[in-house]
Amino acid sequence: MRAAPRLRALQRHLGSSEGRGMEPTSSPLTTHVLDTASGLPAQGLCLCLSRFEDHGRQWTELRKSYTDSDGRCPGLLPPGPMKAGTYKLSFDTEGYWKKRGQESFYPYVEVVFTITDETHRFHVPLLLSPWSYTTYRGS
């Protein structure tokens with residue numbers, strides 16, 4: 001049965017701390033995208049990190065990047081503390097699924113979150129399928 005190998009691969013990626021880029025000098029913000037339909041990392045998914053600027057009442061794009069072969073996006077922000085505020089990670093899920101010849105329901109996923117303690121590290125995982133997604137504050 002094919003589901004068992006996919007489930008094991010997904011469990012390995014969720015449970016493994018290897019290669020997470022969580023060393024002290026790494027970015028204070030990380031993300032990890034897993035394609036739950038295949039049980040593999042979502043490689044090559046385009047994403048943008050933005051911060052909400054109150055003075056202009058608009059989003060300012062800080063970084064545009066792509067997930068690596070492990071579904072991670074290292075170096076979203078330079079090492080050091082994050083500036084307190086409201087941030088958004090926008091994932092181009094439509095582009096990801098189209099490259100795989102797959103129709104999908106959500107053209108993009110936006111995860112908006114607030115940073116109040118600049119000294120903490122933040123991990124925003126995304127579990128993705130063509131018809132659903134789940135996110136949470138990781139560790």
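Since the structure is predicted, the reported quantities are computational estimates derived from the model, not experimental observations. Only this structure's heavy atoms are used, side chains among them; waters, hydrogens and symmetry mates stay out.
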Task: Side-chain donor-acceptor contact under 3.5 Å, Ser132 with Ser129 - done: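 Yes, Ser129 and Ser132 have a side-chain donor paired with an acceptor closer than 3.5 Å.
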Task: Worked verdict on His32 versus Leu34 for side chain to side chain contact (heavy atoms under 4.5 Å, CB included) - done: CA-CA 7 Å; His32 187 198; Leu34 295 173; 3.5 Å; yes
Student check: side-chain heavy atoms of [X] and [Y] closer than 4.5 Å:
{"X": "Tyr96", "Y": "Leu128", "result": "yes"}
{"X": "Thr93", "Y": "Tyr133", "result": "no"}
{"X": "Trp97", "Y": "Pro130", "result": "yes"}
{"X": "Thr67", "Y": "Pro41", "result": "no"}
{"X": "Thr31", "Y": "Phe91", "result": "yes"}

Heavy-atom closest contact ([X] atom, [Y] atom, distance):
{"X": "Trp131", "Y": "Glu103", "value": "CH2-O, 3.6 Å"}
{"X": "His123", "Y": "Ser139", "value": "CB-O, 3.8 Å"}
{"X": "Glu61", "Y": "Ser50", "value": "CA-OG, 3.7 Å"}
{"X": "Arg121", "Y": "Ser27", "value": "NH2-O, 3.1 Å"}
{"X": "Pro79", "Y": "Pro28", "value": "CA-CD, 4.3 Å"}
{"X": "Tyr87", "Y": "Trp59", "value": "C-CZ3, 3.7 Å"}

Drop me the distance from [X]'s [atom1] to [Y]'s [atom2], to the nearest 0.5 angstrom.
{"X": "Leu47", "Y": "Lys88", "atom1": "CG", "atom2": "NZ", "answer": "12.5 Å"}
{"X": "Cys48", "Y": "Glu110", "atom1": "SG", "atom2": "CD", "answer": "9.5 Å"}
{"X": "Thr135", "Y": "Leu127", "atom1": "OG1", "atom2": "CG", "answer": "7.5 Å"}
{"X": "Leu76", "Y": "Lys64", "atom1": "CG", "atom2": "NZ", "answer": "14.0 Å"}
{"X": "Arg51", "Y": "Arg63", "atom1": "CZ", "atom2": "CZ", "answer": "14.5 Å"}
{"X": "Lys83", "Y": "Leu77", "atom1": "NZ", "atom2": "CG", "answer": "12.0 Å"}

Open item on the list: Counting only heavy atoms from other residues, nucleotides and ligands, does the tally under 6.0 Å from NZ of Lys98 exceed 12?
Closed with: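 No, NZ of Lys98 has 12 or fewer neighbouring heavy atoms, counting only those of other groups under 6.0 Å.
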Open item on the list: Tell me whether Ile115 shares a hydrophobic cluster with Leu126, the cluster being built from Ile, Leu, Val, Met, Phe, Trp, Tyr side chains joined at under 4.5 Å.
Closed with: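 Linked, Ile115 and Leu126 end up in one cluster.
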Open item on the list: Is there a path of hydrophobic side-chain contacts, each under 4.5 Å between heavy atoms of I/L/V/M/F/W/Y residues, joining Phe52 to Met82?
Closed with: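 Unlinked, Met82 and Phe52 end up in two clusters.
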Task: Main-chain N/O of Gly71 paired with Asp68 side-chain donor or acceptor, under 3.5 Å - done: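 Side chain of Asp68 to backbone of Gly71: a pair is present.
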TODO: Could you go through the side chain to side chain contact (heavy atoms under 4.5 Å, CB included) check for Tyr106 and Glu94 one step at a time?
DONE: CA-CA 7 Å; Tyr106 298 102; Glu94 181 177 55; over 6 Å; no
Open item on the list: Please report whether the ring centroid of Phe113 lies less than 6.0 Å from that of Phe122.
Closed with: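 Phe122 vs Phe113: aromatic centres not under 6.0 Å.
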